[in-house]
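Only one structure is covered here, and it is reproduced in the block below.
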Protein chains: 2
Amino acid sequence: MKTQTDMPNRFTSFLEDRGLKLTYERRYLFEKVSRLKGHFNADSLYESLQRDKARIARGTVYRTIPLLLESGVIQKSVGEGKREFFESQTGKEHHDHLVCLKCHKVIEFHSDEIEKFQDQICEKYDFEMVFHDHRMYGHCGSCKEKKK
Amino acid sequence: MKTQTDMPNRFTSFLEDRGLKLTYERRYLFEKVSRLKGHFNADSLYESLQRDKARIARGTVYRTIPLLLESGVIQKSVGEGKREFFESQTGKEHHDHLVCLKCHKVIEFHSDEIEKFQDQICEKYDFEMVFHDHRMYGHCGSCKEKKK
DNA sequence: ATCCAATTTAGATTTAGTCTCAATTAAATG
DNA sequence: CATTTAATTGAGACTAAATCTAAATTGGAT
Ligand SMILES: [Mn+2]
Ligand SMILES: [Mn+2]
Ligand SMILES: [Zn+2]
Ligand SMILES: [Zn+2]
């Protein structure tokens with residue numbers, strides 16, 4: 001895979017700011033996750049690199065994920081089981097999650113109001129938000145039914 | 001430790017509902033976490049049991065935590081490092097968290113407005129919320145300073 | 001009091017994620 | 001462009017967290 005563009009992006013300026021090198025591996029991972037639409041975790045990302053025949057080590061994937069998070073390229077997300085999942089901030093509109101404790105269904109939601117109040121909270125605490133993770137756990141409609 | 005009360009509580013009715021046994025270990029853990037004010041994880045909880053000379057296995061702690069979560073006795077929280085932390089829903093007022101990506105400081109916040117909109121979202125999706133976990137990651141005031 | 005399915009125990013095992021260090025590479029320097 | 005050097009990577013060892021196993025125990029139904 002060749003770099004699609006040489007324009008500075010969120011990630012390259014982040015690396016620059018922090019005095020970190022723009023390596024082949026970091027660039028590759030940035031471009032890979034930017035194109036991902038769904039939820040992924042460190043391993044599924046590593047496996048997709050192997051399918052690409054990109055020879056990037058597992059350790060490098062694990063080391064790069066925090067950089068992608070801190071640069072705002074990806075956000076935390078949810079998925080099967082307890083592992084940490086992520087998703088691109090550019091590949092898909094921002095959303096948060098409802099998770100059913102019974103059937104493990106995941107419902108995505110978005111609330112402009114909540115996002116607005118979040119920003120107010122950050123201002124109040126002089127906090128600069130990079131990403132957030134808002135989850136509600138409970139019982140989905142169909143599991144509530146069954147309970148009866 | 002003796003049971004403080006024989007009144008049915010959130011946890012005992014939860015166990016009843018689910019047809020689960022009210023064992024000595026479950027009762028002990030329920031009473032233990034109910035009195036905890038701070039953030040804890042599976043291991044710190046296990047260690048505190050050992051200090052009590054309560055002979056409850058690590059596995060039992062791990063198996064009981066999801067029950068305490070699903071019954072709404074505890075909620076997810078944050079703490080040092082990547083492990084899952086929890087805190088009692090009764091031991092302390094509900095709050096959510098701002099986490100600094102640089103110095104790892106944790107700031108607790110509360111927003112009635114956000115809590116209200118959360119409930120609206122749940123209604124909209126016919127979702128019964130048991131607990132939630134709302135985190136914002138970014139840079140705290142003092143870390144923003146240093147950046148300059 | 002008896003019975004049995006649910007639960008617990010202790011330790012083994014699995015799994016996710018981190019660490020190590022030699023080899024490589026980005027990029028600063030002249 | 002060639003040299004230099006500190007940052008980064010790769011491969012696999014290692015660690016820590018969490019889960020699993022199977023025998024022993026127990027809650028609670030009968
Ligand atoms: Mn959001
Ligand atoms: Mn909240
Ligand atoms: Zn459900
Ligand atoms: Zn900070």
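Naming convention: chains lettered A, B, ... in sequence-line order (proteins, then strands); numbering from 1 in each chain.
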For this session: Could you tell me the separation between the CZ atom of Arg18(A) and the C1' atom of dA6(D), rounded to a whole number of Å?
Result: 17 Å
For this session: Classify the ring geometry between His95(A) and His39(A) as parallel (under 30°), tilted (30 to 60°) or perpendicular (over 60°).
Result: parallel
For this session: Take Ala42(B) and Thr23(B), find for each the nucleotide of DNA chain D with the closest heavy atom, and name the residue whose nucleotide sits nearer the 5' end.
Result: Ala42(B)
Exercise. dT7(C) C1' sits how many Å from Leu29(B) CG, rounded?
Worked result: 13 Å
Problem set entry | Nearest listed nucleotide, side chain of Glu25(A), among dT9(D), dA17(D), dT8(D) | dT9(D)
Exercise. Leu22(A) CG to dT8(D) C1': how many Å, rounded?
Worked result: 12 Å
Exercise. Which of parallel (below 30°), tilted (30 to 60°) and perpendicular (above 60°) describes Phe86(A) and Phe40(A)?
Worked result: tilted
Exercise. How long is the line joining OH of Tyr24(B) and P of dA24(D), in whole Å?
Worked result: 23 Å
For this session: Can you tell me the distance, in whole Å, between the OH atom of Tyr28(B) and the P atom of dT9(C)?
Result: 12 Å
For this session: Please list, by residue number, the residues of residues 45-53 of chain B whose heavy atoms come closer than 4.0 Å to an atom of DNA chain D; answer none if no residue qualifies.
Result: none
Exercise. So, is Arg55(A) near the phosphate of dT9(D), with a side-chain N or O under 4.0 Å from OP1 or OP2?
Worked result: no
For this session: Keeping the roles fixed (side chain from Arg10(B), backbone from Ser71(B)), state whether a donor-acceptor pair exists under 3.5 Å.
Result: yes
For this session: For Arg83(B), answer base if it contacts any base atom (sugar-phosphate contacts may also be present), sugar-phosphate if it contacts only those atoms, and nothing otherwise; contact means non-hydrogen atoms under 4.0 Å.
Result: sugar-phosphate
Exercise. Hey, are Asp96(A) and His94(A) close enough side-chain-wise for a donor-acceptor pair under 3.5 Å?
Worked result: yes
For this session: With axes from five pairs an end, tell me the bend angle of the helix from dA1(C)-dT30(D) to dG30(C)-dC1(D), nearest 10°.
Result: 50°
For this session: Verify, without hydrogens or angle tests, whether Asp52(A) (side chain) and Ala54(A) (backbone) share a donor-acceptor contact under 3.5 angstrom.
Result: no
Problem set entry | Closest to the Lys21(B) side chain, choosing from dA17(D), dT8(D), dT7(C) | dT7(C)
Exercise. Where the side chain of Arg63(B) is defined as all heavy atoms beyond and including C-beta, which of dA10(C), dT20(C), dT8(C) is the nearest nucleotide?
Worked result: dT8(C)
For this session: Return the set of residues passing side chain to side chain donor-acceptor pair (under 3.5 Å) with Asp112(B) (not counting sequence neighbours), or none when no residue passes.
Result: His110(B)
For this session: Quickly, which of Phe14(B), Tyr24(B), Phe11(B) forms a ring-ring contact (aromatic ring centres under 6.0 Å, His included) with Phe30(B)? Name it, please.
Result: Phe11(B)
Exercise. At under 4.0 Å, does any side-chain N or O of Tyr62(A) touch on OP1 or OP2 of dG17(C)?
Worked result: yes
Exercise. Which part of the nucleic acid does Arg58(A) contact within heavy-atom distance under 4.0 Å: base, sugar-phosphate only, or nothing?
Worked result: base
Exercise. So which one's nearest nucleotide on DNA chain C is more toward 5', Lys82(B) or Thr60(B)?
Worked result: Thr60(B)
For this session: May I ask you to decide whether Arg18(B) forms a salt bridge with Glu70(B), counting only side-chain N to carboxylate O separations under 4.0 Å?
Result: yes
For this session: Would you kindly say whether Tyr28(B) and Arg26(B) are connected by a side-chain donor-acceptor distance under 3.5 Å?
Result: no
Exercise. Nearest-Å distance, CG (Asp43(B)) to P (dA18(D))?
Worked result: 7 Å
Exercise. Is it true that Glu108(A) and Lys92(A) have a side-chain N and a carboxylate O under 4.0 angstrom from each other?
Worked result: yes
Problem set entry | Between C1' of dA27(C) and CG of Leu15(A), the distance in whole Å | 13 Å
Exercise. Whole-Å distance between dA16(C) C1' and Phe86(A) CZ?
Worked result: 12 Å
